[in-house]
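What you see is a predicted model; the values in this text were computed from it and never measured. Protein chains get the first letters and strands the later ones, always in sequence-line order, with residue 1 at the start of each.
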Amino acid sequence: MAASMASQAAARGLRTATSKHILLDKPKYTWLSPRRWLNLQEYQSKKLMQESGVAVQRFYVADTASEALEAAKRLNAKEIVLKAQILAGGRGKGVFDSGLKGGVHLTKDPAVVGELANKMLGFNLTTKQTPKDGVKVKTVMVAEALDITRETYFAILMDRACNGPVMVGSPQGGMDIEEVAASSPELIFKEVIDIFKGVQDDQALRMAANLGFKGPLQRQAADQIKRLYDLFLKVDATQVEVNPLGETPQGQVVCFDAKISFDDNAEFRQKDVFAMDDMTESDPTEMEAAKWDLKYIGLDGNIACFVNGAGLAMATCDIIDLHGGKPANFLDLGGGVKERQVYEAFKLLTADPKFTISPSVPVPRHEGSTTITDSHVQC
Amino acid sequence: MSHSRLFARLLLQQTGARHCYTASRQNLYITKDTKVICQGFTGKQGTFHSQQSLDYGSKLVGGVSPGKGGKTHLGKPVFNSVKEAKEGTGADATVIYVPPPFAGAAIIEAIDAGIPLVVCITEGIPQQDMVRVKHRLLRQGTTRLIGPNCPGVINPGECKIGIMPGHIHKKGRIGIVSRSGTLTYEAVHQTTQVGLGQSLCIGIGGDPFNGTNFIDCLEVFLQDPKTEGIILIGEIGGNAEENAAEYLKQHNSGANSKPVVSFIAGLTAPPGRRMGHAGAIIAGGKGGAKEKIEALQSAGVVVSMSPAQLGSTIFKEFEKRKML
């Protein structure tokens with residue numbers, strides 16, 4: 001019995017570490033996919049959740065093996081889960097260049113936490129989602145491992161079709177929600193939220209009931225739902241996805257993992273959140289472009305693009321492809337671009353060795369947009 | 001525009017219908033008589049584009065710049081608020097060049113003042129702000145919003161509200177609606193070059209939560225005798241093009257249908273990335289260009305695979321239907 005519980009818990013630990021980003025099949029709710037513009041580590045997302053009173057496993061963060069050991073002792077937990085903090089998924093099945101297998105480990109012994117952390121920190125972890133040399137692990141999360149008796153799925157997102165926030169949930173959590181949507185659509189529940197009224201008590205209770213929480217757990221889950229919505233608004237999220245929102249044998253409702261997508265347009269009023277942005281796993285050209293407020297996305301061709309306007313920039317990539325070429329990048333300079341930005345954009349493009357064709361070749365500029373751009377160049 | 005607005009209001013009063021946002025669709029059709037004010041009048045963008053607007057011949061009658069009320073700018077009066085500006089000028093429309101942190105509030109101010117048409121140029125308004133704006137918008141029928149994150153609306157030769165280059169437009173027969181700014185100018189330039197010209201061009205913008213969608217504009221175009229053909233420019237993200245296709249199936253079929261030509265940008269866009277526009281993202285397998293193209297084609301829309309062929313394609317349609 002103990003053995004199977006342990007292996008179940010281990011499996012759950014792994015699953016929470018590798019929880020895939022879920023894509024819902026139903027056309028009604030458009031899910032955002034996992035490539036985030038703003039990159040937060042798991043511990044950063046969980047810290048935001050904690051600050052909003054959302055129930056997460058107790059955890060500490062460590063940058064050295066001795067810190068990890070101390071943290072494990074301080075936790076004073078029955079069982080500890082140690083998780084390497086990288087942005088890419090697939091951590092559970094990853095491999096370190098120290099030889100250690102697995103980016104997530106469960107143990108009851110704090111000393112083991114220290115030993116394992118020693119083989120994680122400063123080493124590269126390679127998973128299915130990392131580049132082939134892996135990603136250097138600089139931080140680990142030391143958390144209290146909790147058993148899960150039941151897993152549910154819960155998300156809040158800004159939905160265009162509903163003109164605002166929508167809650168979506170399913171009692172079938174911990175698995176591919178897309179499969180659930182396809183095979184058992186009656187197990188997907190939604191509540192449209194009025195942006196001015198917020199989540200009403202009856203909505204939260206109904207969603208909690210639909211998620212399968214009964215008795216005192218229903219109230220607890222409803223409370224967690226409201227707190228998640230508060231977080232959603234507070235950080236200007238476009239989506240908060242909790243999978244699993246779980247039930248423990250001790251009768252707790254806990255958010256075991258969450259993926260938060262943030263609205264870039266809100267950066268000016270979310271400075272703390274955006275300051276946590278970890279760009280070390282991003283493409284260096286895209287990082288440089290972001291510095292200059294350039295909307296740049298690297299593609300794999302050799303014809304560079306330098307365009308005013310997002311629609312036109314997309315169309316430029318399309319027309320290159322239509323004529324048998326391959327665009328090297330998407331770049332929207334925008335209509336209000338300044339001289340310095342234009343210069344930096346040009347530097348970025350010409351620095352890339354893969355451009356064998358002059359970047360000035362397909363550069364559709366419209367007379368109109370040039371006029372506007374020129375005038376702003378003087379500013 | 002004033003006659004159709006009056007009629008719409010009378011109709012609402014007579015039928016006792018609830019205020020419904022779609023009632024404000026007619027406000028999209030600006031004319032040489034439309035009186036426009038500018039919010040953010042004395043800022044850099046506001047000043048530049050207001051001067052351009054005046055040069056084009058639009059009836060710019062004043063502007064709003066809190067704290068600068070009573071002054072004159074570009075020869076026009078400055079007011080402290082939209083309400084004061086409307087009272088002082090009788091404005092029918094406002095164009096907003098206010099930075100993202102304050103633009104949502106600027107739109108709400110215009111709705112509160114009952115301005116019939118609000119055009120918000122600003123890019124970068126937080127989505128939550130626009131959700132709140134939309135909540136207000138949908139529960140009233142006096143004010144119509146275009147945008148945000150859009151180039152504006154132009155009735156060539158009569159009135160230009162926004163940042164589009166006036167000189168490429170030519171009074172004519174094609175209604176153009178688009179989510180993109182500079183890509184629209186391609187369609188405009190091409191239709192001018194083939195001699196068809198434009199009746200009304202509306203840029204609905206690239207944000208996921210906005211004031212006017214394709215269907216709003218298609219209704220206006222289908223009901224307008226001056227608009228004989230339509231160009232619809234879409235892009236990845238959301239369902240607007242699919243909804244438009246459904247609408248066209250219902251309202252633009254059969255003998256009296258108007259030719260519709262379209263281009264959808266982003267066929268080569270990688271999924272999951274925001275392609276410049278906040279609303280241009282293929283999310284969760286939905287919102288791709290291919291599906292939009294197929295939906296539009298099934299509604300009888302001629303979809304061009306190249307943005308360089310919009311003028312020639314609609315010209316061919318006119319030829320086929322002996323409309324030249």
When the 4.5 angstrom heavy-atom criterion is applied to A:A315 and chain B, the contacting part is both
Are any of the side-chain heavy atoms of B:S178 and B:I204 separated by less than 4.5 Å?
no
So, the part of B:E123 with a heavy atom under 4.5 Å from chain A: the answer is side chain
Are more than 12 heavy atoms, taken from residues, nucleotides or ligands other than A:D272, located less than 6.0 Å from that residue's CG atom?
no
Highest number of heavy-atom pairs under 4.5 Å with chain A among B:G266, B:S180, B:G234 belongs to B:G266
Taking a cut-off of under 4.5 angstrom between non-hydrogen atoms, the residues of residues 96-105 of chain B near chain A are B:P100, B:P101
Step-by-step side-chain hydrogen bond (donor to acceptor under 3.5 Å, both in side chains) determination, B:T268 to A:D318:
CA-CA 6 Å; B:T268 55; A:D318 294 345; 2.7 Å; yes
Only residue of B:N155, B:I154, B:D55 satisfying side chain to side chain contact (heavy atoms under 4.5 Å, CB included) with B:K160 is B:I154
More than 12 heavy atoms of other residues, nucleotides or ligands under 6.0 Å from NZ of B:K249: yes or no?
yes
I'd like to know if the side chain of A:K226 reaches the main chain of A:G198, judged simply by a donor and an acceptor atom lying under 3.5 Å from each other, with no hydrogens or angles considered. no
Max heavy-atom pairs within cutoff under 4.5 Å with chain A, candidates B:G206, B:A269, B:G237, goes to B:G237
Exercise for the section: Give the C-alpha distance, both sets of side-chain angles, the deciding distance and a yes or no for side-chain hydrogen bond (donor to acceptor under 3.5 Å, both in side chains) between A:Y296 and A:E288. Expected result: CA-CA 9 Å; A:Y296 173 95; A:E288 184 65 22; over 6 Å; no
message = Within the 4.5 Å heavy-atom criterion, are B:I111 and B:Q140 side-chain neighbours or not?
response = yes
The interface call for B:R179 against chain A, heavy-atom contacts under 4.5 Å, is side chain
Heaviest contributor of heavy-atom pairs below 4.5 Å to chain A, chosen from B:E235, B:R132, B:H277, is B:R132
Turns out that what part of A:I195 lies under 4.5 Å from chain B's heavy atoms comes down to both
The interface call for A:D236 against chain B, heavy-atom contacts under 4.5 Å, is both
Working for side-chain hydrogen bond (donor to acceptor under 3.5 Å, both in side chains), residues B:Q198 and B:T192: CA-CA 7 Å; B:Q198 310 84 34; B:T192 295; 2.9 Å; yes
Assess B:R139 against B:Y21: is NZ or CZ under 6.0 Å from the centre of the six-membered ring, and within 45 degrees of the ring's axis?
no
Check: Would you say the side chain of B:N210 lies within less than 4.5 Å of the side chain of B:P148, judging by non-hydrogen atoms?
Finding: yes
So, the part of B:I125 with a heavy atom under 4.5 Å from chain A: the answer is backbone
Under 4.5 Å to a heavy atom of chain B? For A:D332 that would be side chain
Whatever's closer than 4.5 Å to a heavy atom in chain A on B:I264 counts as backbone
Lys/Arg-Asp/Glu bridge criterion (N-O < 4.0 Å) met for B:D129, B:K134:
no
Note: vs chain B, highest number of non-hydrogen pairs under 4.5 angstrom among A:D321, A:L233, A:D194 is A:L233
